[in-house]
Trainee: 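One structure, as structure tokens, below. Some questions next.
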Amino acid sequence: MRVVLFTGKGGVGKTTTAAATAVQAARAGIKTLVMSTDAAHSLGDALGVALVTARDDPDPVVEIEPGLSALQLSPTHSVRRSWRVVQDYLLSVFKGLGIDPVVAEELTELPGADELVALLELRAQVESGPWDLVIVDCAPTAETLRLLALPEALAWHLERLIPAQRGFLRALRPAAAAATGLPLPGVQVLETLRQWHEALLEIQSILAAETTSVRLVLTPERVVIAESRRTLTSLRLFGLAVDQVVVNRVFPDAGTPDVHSVEANQRSTQAAWLAGWNEAQRRGLSEVRHSFEPLPIVVAPYLSHEPVGPDALEALARARIGEVGDVLTTAPAQGMTVRPDAGGYLLTLPLPLVTAAEVDLKRRDDELLVSVADHRRVLSLPSALRRCVVTGAVVRDATLRVRFVPDEKLWPVQGRESVAGR
Ligand SMILES: Nc1ncnc2c1ncn2[C@@H]1O[C@H](COP(=O)(O)OP(=O)(O)O)[C@@H](O)[C@H]1O
Ligand SMILES: [Mg+2]
């Protein structure tokens, strides 16, 4: 099943672009679901239908027309309910430590619960929905990035919590409880953590799948482009394939050379205003090409009206220029690679639009922590690299390259082992 996520700065036209792509695909015979994870309920507005139900009702999948269905997620409480088991345990620990209950309650809140609801629903639809294509209208960039980073981050914590707790319990249960006076987690707590961990790993594999890609929606304005450049880097940091940049709300004249003479501009302030914007957009478009090529760049016109309803959305989709292939076409995988190189290994991670100075690397046991600006990714090192040391890192051709060589101190018998292995 193909999954396409649309993200971008607030208000650039993510929902409209996602819905237009969905209508176009459905009318081309592709069985499509479009779902929104944005708490601002505008997917229904764009499609011209009511998608939101009363609180706590299960979110319904609404058929818009044959082949096209839509789903608006409302923050339900099922995720919080499931977390409650873990939270109650943590609260009892904090109580034993004499921490203020109000503070404890806040400390034990599940981070990103609403985002998790969205990811869990995406997983459910990918696993059991009848769709060929799932289009996800995401919340604005910052929230989306947090959402995309969440499975890896949470899974990382849970991975460390679960085995430690198991061993701890087996060895120390009666003694530890007596010694510390703190309650130990029960079977239900551990079982909940295990289920969470499993769900997160599945979500991660959906996001990393070759059939999943992200499309970046932006408008040809400098502030928006600057944010989108950072977003592209962060998306790649999290291993997501970006397969298209959609420039939305482009004035009809911005794509062509300036046709207004200076004299004509002076004749009316309105014309001058328009010419000013055309010129700004023209510069914006060239900055977009400069920043994002060779990614396909699709240009969508600024319509004279808000595109509402399937017909208007399809018309917008048809008016776009620069589309390559159809929506089912998948982008080539662009993940982390490791290959032998000059007696050691070379790890590469595509990271467009960054300089070496912006990247920070840290080694922590079996992991490599890669930070760009305020986003951090935890890369689990393949076993071949675990006994190696990092000898250098560079950013070249939009790719981070990290060199590893076997650590003689850690592995003094290496030579002998390779002989013995023959
Ligand atoms: N190409 C376009 N031409 C005209 N109006 C547009 C276009 N794209 C979006 N809009 C309008 O702009 C507003 C914001 O779009 P929306 O898709 O809700 O943005 P986002 O989801 O990024 O917040 C909506 O009123 C929408 O109808
Ligand atoms: Mg929106």
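Quick note: numbers below take in every heavy atom, side chains included, and nothing from hydrogens, waters or symmetry partners. In this chain, residues are counted from 1 in sequence order. Start at 1 and go down the list; that is how both ligands and their atoms are numbered.
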Trainee: Any sub-3.5 Å donor-acceptor pair from S213's side-chain atoms to A241's backbone N or O?
Mentor: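 Pair absent, no side-chain N/O of S213 close to backbone of A241.
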
Trainee: Below 4.0 Å from ligand 1: does a non-hydrogen atom of A300 turn up there or not?
Mentor: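 A300: no contact with ligand 1 (<4.0 Å).
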
Trainee: Are the side chain of T212 and the backbone N or O of I206 linked by a donor-acceptor pair below 3.5 Å?
Mentor: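 Yes: the side chain of T212 pairs with the backbone of I206.
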
Trainee: Has ligand 1 got any nitrogen or oxygen that is less than 3.5 angstrom from a nitrogen or oxygen of E306?
Mentor: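 Min N/O separation from ligand 1 is below 3.5 Å for E306.
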
Trainee: Are any side-chain N or O atoms of R363 and backbone N or O atoms of V389, one a donor and one an acceptor, separated by less than 3.5 Å?
Mentor: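 Not at all, since once roles are kept as given, no pair shorter than 3.5 Å links the two residues.
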
Trainee: Starting from atom 21 (O) of ligand 1, which protein heavy atom do you reach first, and at what distance in Å?
Mentor: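 Ranking protein heavy atoms by distance from atom 21 (O) of ligand 1, first comes T15 OG1, 2.7 Å.
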
Trainee: Specify side chain, backbone, both or neither for D45, according to which of its non-hydrogen atoms lie closer than 4.0 Å to ligand 1.
Mentor: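 Neither; no heavy atom under 4.0 Å.
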
Trainee: Start with the C-alpha distance between D326 and R2, add both sets of side-chain angles, then the distance that settles salt bridge (Lys or Arg N to Asp or Glu O under 4.0 Å), and finish with yes or no.
Mentor: CA-CA 11 Å; D326 68 18; R2 177 88 164 95; over 6 Å; no

Trainee: Which residue supplies the protein heavy atom nearest to atom 13 (C) of ligand 1, what is that atom called, and how far is it?
Mentor: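 Here the closest protein heavy atom is R249 NH2, 3.6 Å.
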
Trainee: Using a strict threshold of under 4.0 Å (side-chain N to carboxylate O), is an ion pair present between R283 and E279?
Mentor: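 Looking at E279 and R283, the cut-off is met.
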
Trainee: For D360 and S371, test the side chains for any donor-to-acceptor distance below 3.5 angstrom and give the result as yes or no.
Mentor: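 No - no donor-acceptor pair under 3.5 Å links their side chains.
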
Trainee: Just need the protein heavy atom nearest to atom 3 (N) of ligand 1, so name the residue and atom and give the distance.
Mentor: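 Checking every protein heavy atom, the shortest distance to atom 3 (N) of ligand 1 gives L303 N, 3.0 Å.
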
Trainee: Salt bridge between K362 and E367, side-chain N to carboxylate O under 4.0 Å?
Mentor: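 Looking at E367 together with K362, the answer is no, because their closest N to O distance does not fall below 4.0 Å.
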
Trainee: Using a distance threshold of 2.8 Å, state whether an N, O or S atom of S36 lies below it from the Mg ion (ligand 2).
Mentor: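 It does not: S36 brings no N, O or S atom closer than 2.8 Å to the Mg ion (ligand 2).
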
Trainee: For ligand 1, which atoms, with element, lie under 4.0 Å from some heavy atom of P307?
Mentor: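 This gives 4 (C), 5 (N), 6 (C), 27 (O) as the contact atoms.
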
Trainee: Whether the side chain of R320 engages the backbone of V299 through a donor-acceptor N/O pair (distance < 3.5 Å, no angle test) should be reported.
Mentor: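 Answer holds: no.
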
Trainee: With a 4.0 Å cut-off on heavy atoms, is P301 in contact with ligand 1?
Mentor: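 A heavy atom of P301 does come that close to ligand 1.
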
Trainee: Taking NZ, NE, NH1 and NH2 as the nitrogens, is one of them in R215 or D243 under 4.0 Å from a carboxylate oxygen of the other?
Mentor: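 So R215 pairs with D243 through a salt bridge.
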
Trainee: Atom 23 (O) of ligand 1: which protein heavy atom is closest, and how many Å away?
Mentor: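 Scanning the protein heavy atoms, the shortest distance from atom 23 (O) of ligand 1 goes to G11 N, 3.1 Å.
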
Trainee: Using a 4.0 Å cutoff against the non-hydrogen atoms of T16, which atoms of ligand 1 qualify?
Mentor: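 Under 4.0 Å from T16, ligand 1 has these atoms: 8 (N), 9 (C), 15 (O), 16 (P), 17 (O), 26 (C).
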
Trainee: Quick test: of every protein heavy atom, which one is nearest to atom 20 (P) of ligand 1, and how far off is it to 0.1 Å?
Mentor: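 Answer for atom 20 (P) of ligand 1: K14 N, 3.5 Å.
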
Trainee: Would you say V12 and ligand 1 have an N/O pair spaced under 3.5 Å apart?
Mentor: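 Yes.
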
Trainee: Return yes or no for this condition: an N or O of D137 is under 3.5 Å from an N or O of ligand 1.
Mentor: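 No; the residue has no nitrogen or oxygen that sits under 3.5 Å from a nitrogen or oxygen of the ligand.
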
Trainee: Using the six-membered ring wherever Trp is involved, compare the ring planes of F251 and W277 and label them parallel, tilted or perpendicular (cut-offs 30° and 60°).
Mentor: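 Correct class here is perpendicular.
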
Trainee: Counting only N and O atoms by type, is there a donor-acceptor contact under 3.5 Å from the side chain of D407 to the main-chain atoms of C388?
Mentor: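 Side chain of D407 to backbone of C388: no pair is present.
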
Trainee: Taking 4.0 angstrom as the limit and counting only heavy atoms of H305, give me the atoms of ligand 1 inside it, by number and element.
Mentor: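 Per the distance check, 4 (C), 5 (N).
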
Trainee: Taking only heavy atoms of Y302, which atoms of ligand 1 are found under 4.0 Å from at least one of them?
Mentor: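 Within the 4.0 Å cut-off of Y302, ligand 1 contributes 3 (N), 4 (C).
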
Trainee: Heavy-atom contacts under 4.0 Å between N248 and ligand 1: side chain, backbone, both, or neither?
Mentor: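 Just the side chain.
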
Trainee: In ligand 1, which numbered atoms sit nearer than 4.0 Å to a non-hydrogen atom of L316?
Mentor: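 Going through ligand 1 atom by atom, the ones under 4.0 Å from L316 are 1 (N).
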
